[in-house]
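One structure is given here, and the rest of the page talks about it.
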Amino acid sequence: MEQTPQDDIAFHQFLTWLRQRCQLDWSQYRQEYLKRRIESCMATMRIPNYGEYIKVLERDPSQLQRLRDGITINVTEFFRDATTFDVLKQIVIPEVAASKQKAGVGLVRVWSAGCATGEETYSIALSFLEVLGADLSGLWLSVYGTDVDEECLRNARAGVYGGQALTNVPSPLVEQYFVAKEQGTFTAGEKLRSLVHFQQLDLIHDTPLKHVDIVFCRYVFIYMSRELQESALRAFHGALNRNRFLILGRTESMPVHLLDRLFASVNPEERVYRKLTEGS
Ligand SMILES: C[S@@+](CC[C@H](N)C(=O)[O-])C[C@H]1O[C@@H](n2cnc3c(N)ncnc32)[C@H](O)[C@@H]1O
C-alpha cells in the first residue's frame, strides 16, 4: 500500500491521542514497526482509517488491550507451553508416525501458522527428532512456518538464537541440532534446517496450505475478529488430512460452536483437536 504524507500525519495524531487519552506512550518503539503493527490490527478488524479506529476505541475501551497485544504480537519462545509439546510428543507424533508407516506413506507435513521468528517451527521439528530419532524412523518431515511478517521470517530463516532463547530446549537437542557461534549465539544446524521451510502467508488473504497432518496456530487468534477466527478455523479444517490434528494456544478464546462442529477434542486443556470429517 502506498503511503502518503497524510497517512503519516494521521498516524502521529493517533499516537498523540493514545498518549493523551489512554496513557499509552509508545514513543520508545520503532515507529515503522509500530505503524505496521497498528495498521495490521486495523486491517484484521476491517477498520479503514485512524479516525474510525479512534471511534472504535472510544466506544469499546476493551479493544485497547487487543491493540496492546497487537503491538507485542511477535512474542514467542522455544517449546512455549511445555505441556502442549508433551501431548505432541506422547500422543500426536506417535499416532501420525504409526499411521503413515502402516499406510506405507513416508511424508509428514506440519503447518506452524503464525510462526513469528521460528521458535515454534523449530520446536516442532525438534520434537519429531526427539521422539523418532535422527533418522525420523524413515519418514520425510516438512514443517512449514508461515507468517504475515516478512521481518520475522527473515530471522526465522537465519535460525540464529541467543543462548538464553534456548533455555527450554533440552541440552542433548541443543548439542545435536545447533551449532555454537560467536558471542554465545547458536545457529540451527543443517539437519534441523533441512526439516523446516519458511514462507510468507497471510491467514486473512492467502490460500491456505493443503494436505497437512498437524496444524499449529497458537496466539494468533487473539488478534482477529470472530469472523476471521471462524474463517481461519474453516481453512485449517480444509488444510488437514482426514482425522489429523489442530493445536491451538492454551489461553486463547475461540469460536467454540464452530470449533466443536469441525473438530473433536483430544486434550481440552492443551487445546489439541482432531479433524472431524464432513458430515460426521
Ligand atoms: C504472538 S505470535 C505467536 C507465535 C507462535 N505461534 C507462538 O505461539 O509462540 C503471533 C504471530 O502471528 C502473526 N500473525 C498475525 N496476524 C497474522 C495473519 N493475518 N497471517 C499470518 N500471521 C499473522 C504475527 O505476525 C506474529 O508473528
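By convention here, the first residue in the shown sequence is residue 1. Both ligands and their constituent atoms are indexed starting at 1 by order of listing.
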Ligand-side contact atoms (ligand 1) for residue partner [X], heavy atom cut-off under 4.0 Å:
X: Glu120; answer: 5 (C), 6 (N), 7 (C), 8 (O)
X: Arg218; answer: 3 (C), 5 (C), 6 (N), 7 (C), 8 (O)
X: Ala116; answer: 4 (C), 27 (O)
X: Tyr219; answer: 1 (C), 2 (S), 3 (C), 8 (O), 10 (C)

**OP:** Answer side chain, backbone, both or neither: which part of Thr44 comes under 4.0 Å from ligand 1, heavy atoms only.
**Re:**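 Thr44 to ligand 1: no contact under 4.0 Å from either part.
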Subject >> Pick from Thr76, Leu203, Asp147: the one approaching atom 20 (N) of ligand 1 most closely through a non-hydrogen atom >> reply: Leu203
**OP:** Pick, from Ser40, Cys152, Gly114, the option with the minimum heavy-atom distance to atom 4 (C) of ligand 1.
**Re:**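 Of the listed residues, Gly114 has the closest heavy atom.
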Original post:
Under 3.5 Å between some N or O of ligand 1 and some N or O of Asp149?
Top reply: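 The answer is no, given that Asp149 and ligand 1 share no N or O pair closer than 3.5 Å.
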Original post:
N/O to N/O below 3.5 Å, does that happen between Arg80 and ligand 1?
Top reply: yes
Original post:
Side chains of Glu270 and Thr84: do they bring a donor and an acceptor to under 3.5 Å?
Top reply: yes
**OP:** Check whether any heavy atom of Leu201 sits under 4.0 Å from an atom of ligand 1.
**Re:**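 Flag set, Leu201 near ligand 1.
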Original post:
Under a heavy-atom criterion of less than 4.0 Å, does Arg37 contact ligand 1?
Top reply: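 Flag set, Arg37 near ligand 1.
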Please list, one pair per line, the donor and acceptor atoms closer than 3.5 Å that link side chains of residues 164-190 to other protein atoms, with sequence neighbours excluded.
unit_1: Thr167; atom_1: OG1; unit_2: Gln164; atom_2: O; d: 2.3
unit_1: Asn168; atom_1: ND2; unit_2: Phe78; atom_2: O; d: 3.0
unit_1: Thr185; atom_1: OG1; unit_2: Glu182; atom_2: O; d: 2.9

Nearest-0.5 Å distance that lies between atom [atom1] in [X] and atom [atom2] in [Y]:
X: Phe85; Y: Ile93; atom1: CZ; atom2: CD1; value: 9.0 Å
X: Arg157; Y: Gln199; atom1: CZ; atom2: CD; value: 9.0 Å
X: Phe128; Y: Ser123; atom1: CZ; atom2: OG; value: 12.5 Å

Original post:
Salt-bridged, Arg46 to Glu52, with N to O below 4.0 Å?
Top reply: no
Subject >> Test item: Tyr50 and Ile38 side chains (from C-beta on) under 4.5 Å apart, heavy atoms >> reply: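 Sidechains of Ile38 and Tyr50: in contact.
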Subject >> Heavy-atom side-chain contact between Ile91 and Val272 under 4.5 Å >> reply: no
